[in-house]
2 protein chains.
Amino acid sequence: MQEPENPVADAFVAHCPSRGLLTRIGEKWTMLIIVALAEGSVRFGALHRRIEGVSKKMLTQSLKNLESDGLLTRKLYDEMPLRVEYTLTPKGEELVPLITALKTWAEGVVVERVRSGEIKLDPAFQEAG
Amino acid sequence: MQEPENPVADAFVAHCPSRGLLTRIGEKWTMLIIVALAEGSVRFGALHRRIEGVSKKMLTQSLKNLESDGLLTRKLYDEMPLRVEYTLTPKGEELVPLITALKTWAEGVVVERVRSGEIKLDPAFQEAG
DNA sequence: TCAACTAGGTACCTTGAGGTAACCATGCAA
DNA sequence: TTGCATGGTTACCTCAAGGTACCTAGTTGA
C-alpha cells in the first residue's frame, strides 16, 4: 500500500498518463471492440453488428480514440462501396488476453449466479442455455 | 466473430448482465480500489489517501457499488474514532490478477513511451524516475 | 473553546459521455 | 427512382457520473 509499483508510472497518482489508458479501457465500448478485433481485421459494419447496442457514432468515436492511443489501425480500401478495416496494433494485441480474461470472468460470474438461482436471465437468453 | 463464447452469458449481447459487471469494472475508481485492496483489509481513510484525486463521496459510492456487486465487504468496528475496513470477497479476489495485469500494462506503456521520448512525464514525476 | 481526526451523508451543480435522428456520397438492383 | 448497402458526419438532447461544499457525531489535543 505504500510504494509505487513502478518507478516512473503509477496509476495511483492523479496525473499519471497510465490513468488515461485505464480510463480509455473502461469506456463503454472499448473492451468489446478489442475482443471483437482479437482474431484479426474486422470491417466497420461487422463490428457494428457484433457489438449489440452500439450506435454508429459511438463506434466511430471509440475506434478513433483507440487509434489515437495507438491500439488499433484503420485501413481504408479505395473500393465502392466503401471498405474500412480495423486491426489491432501489437500494443493492442497485448491487451487481448487481459481483456478477454475480464470478459470471461464477468460471464462466468453471471453463469454461476444463474445456476445458483441468484439471478435470472432475460427470456431471450433462456433458450440459449 | 460469429458464436457466443458462452452458452448463457455473452457480453456482446446488449442485455446480458455480464455487461453490467464490465461497466462496473470500468468505472473511474473501481480498478484502483481493487488493486488497493489486493493485499488485505484497508481502512477508508487509507484508501482515500492512496487513490490520489478521489473524493470522499465518490469513494463511498464506489465502495457501496462494489459491495452490492459482491466484490468486497465492509466491516464497521464499534470504536471511537470510527473504524471501517474494506476487504475483497473471494469473487473480488479473482479480479486482482486480471486488473493488476491491466494496471501494470498501462504503466508499462507509459514507461515505454517516456523512454522513447514519445511523451514526457510531469515534473513531479521526473524526480521519481 | 476551537480545531482536527474518524467515516461518512447530502444538496447542489457542471460536464461530458453517450444516445437519436437526419444527412451525405457512392454503387447496385429491382 | 426508390430502396438498400457501404461508412461515416453532424446537430441536438438527455441523463448520470462525478465534483464541491457543507453537515453530522464522538474523541482527542492545544
Side-chain angles (χ1 to χ4, degrees), chain A residues 1 11-15 19-34 36-37 41-69 71-87, chain B residues 1 11-16 19-34 36-37 41-69 72-87:
Chain A
M1 270 290 291
F12 279 117
V13 175
H15 53 271
R19 221 180 243 194
L21 281 172
L22 289 180
T23 300
R24 174 61 32 82
I25 293 173
E27 281 166 10
K28 189 162 183 182
W29 304 108
T30 300
M31 297 203 212
L32 294 177
I33 290 174
I34 290 181
L37 293 180
S41 302
V42 181
R43 297 184 62 169
F44 182 88
L47 278 173
H48 191 218
R49 270 172 261 118
R50 181 82 208 279
I51 303 174
E52 211 180 89
V54 70
S55 65
K56 289 196 292 182
K57 176 195 150 191
M58 287 314 300
L59 184 53
T60 303
Q61 190 178 110
S62 305
L63 289 166
K64 270 187 189 164
N65 288 341
L66 289 170
E67 191 188 7
S68 77
D69 281 349
L71 300 182
L72 58 79
T73 57
R74 181 188 126 108
K75 184 161 184 186
L76 169 65
Y77 293 85
D78 195 16
E79 301 173 358
M80 263 324 151
L82 223 48
R83 181 156 69 109
V84 182
E85 283 189 356
Y86 295 90
T87 315
Chain B
M1 271 292 289
F12 280 116
V13 176
H15 52 271
C16 179
R19 221 179 242 196
L21 281 172
L22 288 180
T23 300
R24 173 60 34 82
I25 292 173
E27 281 167 10
K28 190 164 183 181
W29 305 108
T30 301
M31 297 203 211
L32 294 178
I33 289 173
I34 290 179
L37 293 180
S41 302
V42 181
R43 298 185 61 170
F44 183 88
L47 279 173
H48 190 219
R49 271 173 260 119
R50 181 81 207 279
I51 303 174
E52 211 180 87
V54 69
S55 65
K56 289 196 291 180
K57 176 194 152 191
M58 288 313 301
L59 184 53
T60 302
Q61 192 179 107
S62 305
L63 289 166
K64 269 187 191 164
N65 289 338
L66 289 170
E67 191 187 6
S68 76
D69 281 348
L72 58 78
T73 56
R74 180 188 126 107
K75 183 161 183 187
L76 169 65
Y77 293 84
D78 195 16
E79 302 173 357
M80 264 322 150
L82 223 51
R83 181 157 69 109
V84 181
E85 284 191 355
Y86 295 90
T87 315

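Just so it is clear, the values below take in all heavy atoms, side chains as well, and ignore hydrogens, waters and symmetry mates. Just so we're on the same page: letters track the sequence lines, and every chain starts at 1.
- Within the nucleic acid shown, B:Arg49 comes within 4.0 Å of sugar-phosphate atoms alone, with no base atom in reach, counting heavy atoms only.
- Per the geometry, CZ belonging to B:Arg43 stands 7 Å off P belonging to C:dT6, to the nearest Å.
- Rounding to the nearest 0.5 Å gives a distance of 8.0 Å between CG of A:Leu66 and CD of A:Glu27.
- Taken to the nearest 0.5 Å, the CG atom of A:Leu32 stands 10.5 Å off from the CG atom of A:Leu47.
- Per the geometry, CZ belonging to B:Phe44 stands 14 Å off P belonging to C:dC5, to the nearest Å.
- Extent of DNA chain D lying under 4.0 Å from chain B heavy atoms, first and last nucleotide in 5' to 3' order, is D:dG18 to D:dT27.
- Proximity of A:Thr87 to A:Leu72: side-chain heavy atoms (C-beta onward) are nowhere separated by under 4.5 Å.
- The distance from the CG atom of A:Leu63 to the OG atom of A:Ser68 is 11.0 Å, given to the nearest 0.5 Å.
- Between A:Trp29 and A:Met58 there is a side-chain heavy-atom pair separated by less than 4.5 Å.
- Rounded to the nearest 0.5 angstrom, A:His48 NE2 and A:Ser55 OG are separated by 6.5 Å.
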Which protein N or O atoms sit under 3.5 Å from an N or O of nucleotides 15-19 of chain C?
residue: C:dG18; atom: OP1; partner: A:Lys28; partner atom: N; Å: 3.2
residue: C:dG18; atom: N7; partner: A:Lys57; partner atom: NZ; Å: 3.3
residue: C:dG19; atom: OP1; partner: A:Lys28; partner atom: NZ; Å: 2.8
residue: C:dG19; atom: OP2; partner: A:Trp29; partner atom: NE1; Å: 3.4
residue: C:dG19; atom: N7; partner: A:Lys57; partner atom: NZ; Å: 3.0
residue: C:dG19; atom: O6; partner: A:Lys57; partner atom: NZ; Å: 2.2

Assess whether side chain to side chain contact (heavy atoms under 4.5 Å, CB included) is satisfied between B:Glu52 and A:Arg19, documenting all intermediate values. CA-CA 11 Å; B:Glu52 211 180 87; A:Arg19 221 180 243 194; 4.3 Å; yes
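- Atom CG of B:Leu22 is separated from atom OG1 of A:Thr30 by 11.5 Å, given to the nearest 0.5 angstrom.
- Residue B:Tyr77 is out of contact with every strand shown, counting any heavy-atom pair closer than 4.0 Å.
- In this structure, CD1 on A:Ile34 lies 14.5 Å from OH on A:Tyr86, to the nearest 0.5 angstrom.
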Step by step, would you call B:Ile25 with B:Met31 a side chain to side chain contact (heavy atoms under 4.5 Å, CB included)? CA-CA 6 Å; B:Ile25 292 173; B:Met31 297 203 211; 4.2 Å; yes
With 3.5 Å as the limit, what N/O pairs link the protein to nucleotides 2-4 of chain C?
none

